[in-house]
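Below: one structure, written as structure tokens.
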Amino acid sequence: MSRAVQYSRHGGPEVLELVEVPEPHAGPGHVRVAVRSAGLNAFDYKVRSDPDYLPNHGLPSGQGNEFAGIVDEVGDDDTGVSVGDEVLGWTGFAAQADYVVVPSTHVAAKPATLDWPSAGGIGLVGNTARRATDAVAPGPDDTVLIGGVAGGVGLFSAQFAIRAGAIVIGTASEANHEFLRTLGVIPVTYGTGLVERVRLVAPQGITAVIDTAGQETVEAALALGVARERINTIVSFPGVKQYGVQTVGGGGKTATELTELAEQVASGELVMPIAASYPLTEVREAYRRLESRHLLGKVVLLLP
Ligand SMILES: NC(=O)c1ccc[n+]([C@@H]2O[C@H](COP(=O)([O-])OP(=O)(O)OC[C@H]3O[C@@H](n4cnc5c(N)ncnc54)[C@H](OP(=O)(O)O)[C@@H]3O)[C@@H](O)[C@H]2O)c1
């Protein structure tokens, strides 16, 4: 037997249970990974707490879509992965467990210098930030506004845009401003008066927007005269369609892309703070922290 996080009714972190399940094994084309870390994402608690968020999602459900660990079984000799390899990868509603079984194409080699918490927490936000940023194609002539820049997607999006030569303004709580400045982001607080605050720090105007926080950023973007095709929101909310803006989020994951991201984080080229880490047994506490919605970077579970 092995342990896995599960829930059998919708609700808050209190519905999460750490249960004993039969040990899974790797079939052909698959690998089994002994999990060392697993990232938490807003998607997890949105699906868990709201029965309408993913209507066909069956219960009981596992939880967690990204992990890092050590390969301890391979389904056949053609996987290109060996027992003992350190990897990071993705799955669906199954990462928060002692073992994960995935197609061998869903793992990437973990650089030796990448720590376990980071390895388990960068994949989903990295993929989403890449797609969300590419959707507005920032370049040296751009000043980009990012809503919710202190979150996982916001932090990577900011760094991608800055690396593309853009100036980045980002909305965040005051407590996160100092760190954001170290990345080269110009921080502004969100809330009433946002448009005026952005105008003050960007008199040249805003040319593109990535929103990871909600309607406020999209409305500010429109008030600032940003072209609708250069506004992208990854937060679905009623009415987004009425604005005619883009809604390009994560998807199209590849091991090649994950390898590149892992190497960039390992080398320090990209930064993703770990806001908090918890043992698997404290999964409820970990989600309470995540669901407080005010943190800098990622929350991860650590195993064994
Ligand atoms: N469509 C997709 O494919 C896709 C993929 C991934 C994520 N998402 C969604 O994108 C959102 C962000 O994801 P994430 O993983 O980056 O989340 P996260 O790491 O949990 O981000 C939380 C951040 O939100 C900030 N925040 C809270 N209230 C805010 C407000 N009113 N205005 C601006 N920022 C605010 C907080 O910053 P402060 O501490 O500074 O307040 C915190 O840093 C989530 O809703 C998630 O579900 C969508």
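Whatever order the structure lists ligands and atoms in, that order sets their numbers, starting from 1. The first residue in the sequence is number 1, and the count goes up from there.
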Pairs of nitrogen or oxygen atoms closer than 3.5 Å, one from [X] and one from ligand 1: do any exist?
X    : answer
L290 : no
G152 : yes
G250 : yes
K46  : yes
E216 : no
N176 : yes
T171 : no
V153 : yes

Which of L303, I274, I70 passes side-chain contact (heavy atoms from CB on, under 4.5 Å) with W116? It is I70
I need the contact type for V149 against ligand 1. Using non-hydrogen atoms and a strict under-4.0 Å cut-off, is it side chain, backbone, both or neither? neither
Region of A213 engaging ligand 1 - heavy atom pairs below 4.0 Å: side chain
Answer with yes or no whether L296 contacts ligand 1, where contact means a heavy atom under 4.0 Å from a ligand atom. no
Going by the atom numbers of ligand 1, which of them fall below 4.0 Å from some non-hydrogen atom of [X]?
X    : answer
S173 : 38 (P), 39 (O), 40 (O), 41 (O)
G148 : 33 (C), 34 (N)
H294 : 27 (C), 28 (N), 38 (P), 39 (O), 41 (O)
A172 : 40 (O)
G249 : 1 (N), 2 (C), 3 (O)
T212 : 10 (O), 11 (C), 12 (C)
V125 : 15 (O)

Could you tell me if R197 and T189 have a donor-acceptor pair between their side chains, going purely by distance under 3.5 Å? yes
For the residue pair Q63 / Q96, report whether a side-chain donor-acceptor contact shorter than 3.5 Å exists. yes
Residues that H30 engages under ring-ring contact (aromatic ring centres under 6.0 Å, His included), provided they are two or more places apart: none
Do Y99 and H25 pass the ring pair (Phe, Tyr, Trp, His ring centres under 6.0 Å) test, and can you show the C-alpha distance, the side-chain angles, and the key distance before you say yes or no? CA-CA 9 Å; Y99 298 102; H25 292 284; 8.2 Å; no
Looking only at non-hydrogen atoms, the one of V235, N41, V47, I234 nearest atom 1 (N) of ligand 1 is I234
Of K298, E291, E174, R293, the one whose closest heavy atom lies nearest atom 24 (O) of ligand 1 is R293
